[in-house]
Every structure is written in structure tokens, then in C-alpha cells.
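Inspection log for the structure reproduced underneath, given as C-alpha cells.
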There are 2 protein chains.
Amino acid sequence: MIGQQVADSIERRSGVSLWRQIADRILQSIAAGDFIENAALPPEVALAERYGVNRHTVRSAISALVQEGVLRAEQGRGTFVLSRKRLSYPIGARTRFSAGLQGQTSERHIVLLASSIEPASQRVAEGLGLARGAGAMRLETRGEADGRPVSRAASWFDARRFAGIDAAMAETGSITASLARFGIDDYLRQSTVLSARHADAADLADLDLQPGAIVLVTVAVNVTPDGRPIQFSESRFPAERVELKLSAL
Amino acid sequence: MIGQQVADSIERRSGVSLWRQIADRILQSIAAGDFIENAALPPEVALAERYGVNRHTVRSAISALVQEGVLRAEQGRGTFVLSRKRLSYPIGARTRFSAGLQGQTSERHIVLLASSIEPASQRVAEGLGLARGAGAMRLETRGEADGRPVSRAASWFDARRFAGIDAAMAETGSITASLARFGIDDYLRQSTVLSARHADAADLADLDLQPGAIVLVTVAVNVTPDGRPIQFSESRFPAERVELKLSAL
DNA sequence: TAAATTTGTCTATTGATATAGACAACTATA
DNA sequence: TATAGTTGTCTATATCAATAGACAAATTTA
């Protein structure tokens with residue numbers, strides 16, 4: 001009889017407060033398309049009954065989502081869904097930030113937050129095929145779509161081969177365009193490893209999230225068409241705003 | 001100077017308790033390989049100082065992880081890491097449960113928990129290319145590796161074409177083998193959409209998780225080599241035990 | 001053996017979380 | 001214009017989460 005998974009019960013004394021769990025459920029509901037844009041949420045008393053909690057607890061959840069800009073509450077009328085669906089970020093052989101989100105947003109770009117040259121850690125050295133401790137250029141970037149942050153990444157490049165890529169990145173706002181300046185006309189995604197965790201303090205600040213949010217984490221290596229690694233990166237995506245669509249599989 | 005992301009601060013009044021956040025950090029640390037198997041965790045006072053909390057709060061985090069079987073505490077000696085690294089579950093054109101985990105575990109299989117025939121919901125109908133409301137056979141399964149649950153899935157098939165696949169699944173413990181009985185010698189992963197959320201009550205029970213845990217969610221369609229959809233599925237993976245490795249990209 | 005280190009247990013106190021009930025303020029509708 | 005339905009605010013109480021300090025119990029080291 002049920003086509004979707006139904007699991008309305010809520011875990012008590014779990015280390016995650018009831019209002020945060022309910023807020024998560026409502027976000028899921030919206031992302032799953034249970035509410036059209038501008039649709040009214042069920043009234044607070046109904047939600048309280050559904051989740052088996054007090055009305056005030058539901059109100060805490062709602063007020064957190066109002067803070068996040070997901071809902072709008074109007075006294076006497078109801079509570080309404082503001083947010084659009086999650087962005088669907090494609091990951092495949094030719095993963096490109098801007099091209100991937102084309103059609104879903106009117107505007108998108110990458111901001112260079114910081115850059116530095118540092119000795120390659122073990123995993124960076126492995127990913128780039130460098131000697132451990134060799135110079136690696138690190139770029140800290142944030143991806144934005146329609147003014148909302150949708151990704152936060154650290155990327156490493158061979159500092160010798162790509163000297164000055166930080167300036168190129170700041171100027172062009174595009175990894176693809178920056179690499180082109182170094183003679184890289186095309187590159188491919190060689191590997192992607194995916195995990196998820198709670199957002200840490202840095203994620204919260206960089207991605208404009210509320211504490212307790214979940215981030216998807218990808219660790220990836222990009223290579224030239226002939227297989228030489230050029231970029232190693234770790235990216236974080238806010239799970240409440242982004243889903244990853246694995247394509248070209 | 002730092003090769004890895006460092007973010008030790010903890011968020012207060014976030015809806016996620018400090019002990020749960022610290023437990024998450026320790027799990028990340030272990031998964032990232034900061035501790036070798038059987039290595040001692042830093043003493044409680046040191047951890048309390050690092051995270052800026054009281055020793056008792058650290059103890060709450062540790063005791064949760066002891067409950068989960070990740071740590072072992074010994075009075076007078078220290079607290080030790082038990083758990084192995086996360087399993088790496090490959091997702092690609094030929095995603096197969098057992099073959100994918102080969103080499104990482106000595107034993108793995110799929111258990112059929114339940115099955116039923118139901119009218120296809122909208123998303124199932126879309127995924128399988130059926131009319132909405134047409135008969136869909138649903139299989140509820142759990143993947144286990146070395147006796148630990150590593151995945152929990154609901155799969156839907158065209159009930160007419162695959163009548164009896166539930167019995168085949170119960171008998172063989174393999175999707176691939178069951179499909180072979182219906183003349184499907186090969187099948188490909190057409191699409192995979194990935195997201196993450198907090199585990200709900202059903203996940204907690206089915207995957208043997210502690211409340212507050214995170215699950216990775218994939219929604220996928222498998223097709224025959226000539227492109228006809230045969231299986232629509234939603235799978236949940238415990239993020240603390242599994243990472244997804246996107247291959248053949 | 002003595003001292004230092006580490007986990008385990010207890011008491012007490014404070015702040016955040018959750019419940020309960022009552023009523024005000026606002027909106028839509030019969 | 002009532003009335004019903006909804007969100008907003010207030011008070012009170014109970015439980016969980018976190019801090020603080022002290023000391024016991026077990027282990028390792030000097």
C-alpha cells in the first residue's frame with residue numbers, strides 16, 4: 001500500500017534534539033517533492049500529533065527552518081514552503097561546475113577564498129603522483145548558484161607545473177579556464193570517493209548552514225586524457241540543498 | 001602548513017548535543033586513518049581540552065562509541081580503537097553487491113526481509129517506465145558483510161515480467177542470480193542520484209545504528225544492455241561504515 | 001614499592017530541551 | 001459579523017545535556 005518509505009517516529013535521548021530531527025524530516029519532505037512551492041505545511045497541531053511531540057517542539061523546528069529561509073510563517077494563515085528543490089549536481093567523466101548546473105540556476109560561479117603553497121600531505125601526494133612533501137598549490141574555493149553557496153572545496157595542484165594558477169583562478173572564476181592557460185584543453189574525472197558527515201564549524205560558516213546540518217563529501221582526482229593526474233580535491237556539498245547525480249556511468 | 005582540514009571547534013545549542021558531535025569527530029578521525037587499529041585514543045582530559053568541553057562530555061561521547069563497538073575502554077590503561085576502516089562500495093556501470101566488496105570482506109550476502117506487490121508510485125513508475133498504478137514487485141533487502149549490515153534497500157520490478165522474483169531472491173540471495181532466471185544475463189546502472197540524511201527509526205533498526213547516525217541514500221535505475229529499465233531501487237548505507245567509490249567514470 | 005597516569009563513579013549545579021496549558025493576535029469563511 | 005482555524009506569546013514544570021569538583025580503582029612507570 002505504501003510506495004514511499006514511511007517512518008514517522010522520532011528518536012529520543014539520541015544526542016540529536018527532537019526539533020532538529022523534525023526540521024530534518026520537513027526538509028526531506030520538501031526535497032522529496034511532498035510540497036509544491038508556496039504550499040502550506042500542515043498546521044502545527046497536526047505536525048505535533050504526527051511526530052508524537054508537543055506543539056512547541058514543532059514550533060522550534062519550524063522556527064529553525066524559517067531562520068534558514070526554507071519556510072515562511074504567517075500568523076493566522078499558515079506556514080509556507082519557500083525553497084525550491086535541491087540542485088542536482090552531476091558527477092561524471094566530465095564534471096564541470098558551471099556547465100553541470102546550467103539550466104537549474106540563472107547564475108553560478110566559483111569564488112577563490114584563499115590559496116597557498118604547502119608540502120604535499122600523503123593523500124595529496126598519492127592523488128597527484130608527487131613525492132611526499134613536494135610543493136602543492138592549494139586553492140580554497142566556494143561554488144555559488146543564484147547567490148547561495150552550494151559547494152566548498154580544497155583543490156591541490158603541482159605547484160611547479162601550475163605556478164600562478166591561483167591568480168588565474170581569481171581572475172577567471174573557473175577551474176576549466178584556469179587550466180586552459182596551462183595548456184590543459186580537456187581533463188577527465190578519474191576517481192571520486194563519496195561520504196557524508198555532520199558539518200563542522202568551517203562548513204557552517206562557509207556554506208551558510210545551521211548547526212547540525214549534513215554535508216556530502218567527495219574526494220576526487222582529475223587527470224588529462226592521457227591519464228596524468230593534475231588536480232586532487234576535497235569538496236563539501238550541503239545535503240539539504242544539493243544532491244549528486246552520477247552520470248555517464 | 002596544514003595539509004588536512006582542521007576544525008576542532010564544536011557548535012553549542014545547535015540541536016545536536018556536544019557529545020554526539022564529538023563522537024562524530026572521533027569516528028571521522030578513525031575513518032580518516034588518524035588511528036591505527038588498536039591504537040590508544042588520547043586521554044579523556046586531553047580530548048576535553050582539544051574540544052573545549054568538560055571531561056564528562058567527552059566520556060559521554062566515548063561511551064556511545066563503546067556501545068557501538070567502535071572503541072574499547074580499559075580502566076587505568078586507556079581507550080582503544082577497535083573498528084576497521086570503512087568499506088568502500090563501488091558504484092559504476094556494473095554495480096554488483098557481492099563482487100563490489102570482494103577482497104574487503106571474507107563474507108557477504110543479501111538477505112530478503114520482505115516482499116510485496118503494490119501499485120507503482122509515481123517515481124517507481126517513472127523509473128521503470130510503467131503506467132502509474134501498474135503492479136510493482138517490491139523487495140526489501142539488507143546487505144551484510146562479515147555479519148555487519150552495510151546496506152538496506154527497497155527494489156521495485158515490473159510485477160508481470162518478474163513474477164516470482166521474490167522467491168528467486170530468497171533462494172539465491174543475489175539480485176544478479178535472480179534476474180538471470182528471467183533471462184537477464186547482464187544489466188547496467190543507468191542512473192544514480194545520491195543524497196544524505198539522518199537515519200530514521202527504520203534505518204536505526206535495520207542497520208543496527210545509534211540514533212543520530214547519518215545514512216547515504218542512492219536512488220538508482222538498472223537497465224538491460226539495450227536500455228530497457230528492469231529495476232528501480234532506493235538504498236541506504238551507514239556513512240560511518242561505508243563510503244561510495246564512484247568508478248568507471 | 002611509590003608515584004604518575006588513566007578510566008570509573010559519585011554529588012551538585014546550571015542551562016538547554018521538551019511538555020503542558022492558557023490565551024492573544026490574526027486570517028479566512030460561513 | 002460571528003466562528004473556526006491558525007500562528008504567536010506567556011508561565012510553569014520536568015527531563016536531558018553540560019559543567020565542576022572530588023575521589024576511587026586499575027594500570028604503568030620510575
Item checked: Any donor-acceptor pair under 3.5 Å from B:E107 side chain to B:D146 backbone -> yes
Checklist line | Gap between atoms CZ and C1', on A:R20 and C:dA16 respectively (whole Å) | finding: 15 Å
Notebook entry, point to check: Within the structure, does a side-chain N or O atom of A:T57 lie under 4.0 Å from either OP1 or OP2 of C:dT19?
Noted result: yes
Checklist line | Rounded interatomic separation in angstrom, taking CG from B:L65 and P from C:dT7 | finding: 14 Å
Next item on the list: Drop me the distance from A:I62's CD1 to A:L41's CG, to the nearest 0.5 angstrom.
Entry: 5.5 Å
Next item on the list: Compare every heavy atom of B:A145 with every heavy atom of B:T105, then report the nearest pair and how far apart it is.
Entry: CG2-CB, 3.6 Å
Notebook entry, point to check: Given B:H198, which of A:R25, A:Q21, A:H198 fulfils the side chain to side chain contact (heavy atoms under 4.5 Å, CB included) condition?
Noted result: A:H198
Margin query: Whole angstroms only, please: what is the CG-P distance between A:L18 and D:dC16?
Written below: 11 Å
Notebook entry, point to check: Whole Å only: how far is the CD atom of A:E49 from the P atom of D:dT6?
Noted result: 12 Å
Margin query: Taking any heavy-atom pair under 4.0 Å as a contact, classify B:T79: base, sugar-phosphate, or nothing.
Written below: sugar-phosphate
Next item on the list: To the nearest Å, give me how far apart CH2 (A:W19) and P (C:dT17) are.
Entry: 6 Å
Note to self: With side chain to side chain contact (heavy atoms under 4.5 Å, CB included) as the criterion, how do B:F232 and B:E126 come out once you've worked through the C-alpha distance, each side chain's angles and the decisive distance to 0.1 Å?
What the structure shows: CA-CA 9 Å; B:F232 176 84; B:E126 275 176 15; over 6 Å; no
Next item on the list: Could you state the atom-to-atom distance from CZ of A:R72 to P of D:dG8 in whole Å?
Entry: 12 Å
Item checked: Atom-pair distance (CG on A:L47; P on C:dT19), nearest Å -> 14 Å
Item checked: Length of the CZ-P vector between A:R59 and D:dT6, whole Å -> 14 Å
Checklist line | Five-pair end axes of the helix from C:dT1-D:dA30 to C:dA30-D:dT1 and the angle they enclose, rounded to 10° | finding: 20°
Item checked: B:R152 bridged to B:E140 by N-O distance under 4.0 Å -> yes
Next item on the list: Kindly point out which of C:dT19, D:dT7, C:dG8 is positioned nearest to the side chain of B:A73?
Entry: C:dG8
Note to self: For B:R197, is there an ion pair with A:E240 - N to carboxylate O distance below 4.0 angstrom?
What the structure shows: no
Checklist line | Salt-bridge contact B:E243-B:K245 (side-chain N to carboxylate O under 4.0 Å) | finding: no
Checklist line | Pairwise 5' ranking along DNA chain C for A:G76 and A:S17, keeping only the more 5' one | finding: A:S17
Note to self: Taking only side-chain N and O atoms of B:R77, does any of them lie within less than 4.0 angstrom of OP1 or OP2 on C:dT7?
What the structure shows: no
Using a cutoff of under 3.5 Å, can you pull out all pairs of nitrogen or oxygen atoms linking the protein to nucleotides 20-24 of chain C, with atom names and distances?
unit_1, atom_1, unit_2, atom_2, d
C:dA20, N6, A:H56, NE2, 3.3
C:dG21, O6, A:H56, NE2, 2.4

Next item on the list: Check whether more than 12 heavy atoms from other residues, nucleotides or ligands sit under 6.0 Å from atom CD of B:E74, and answer yes or no.
Entry: yes
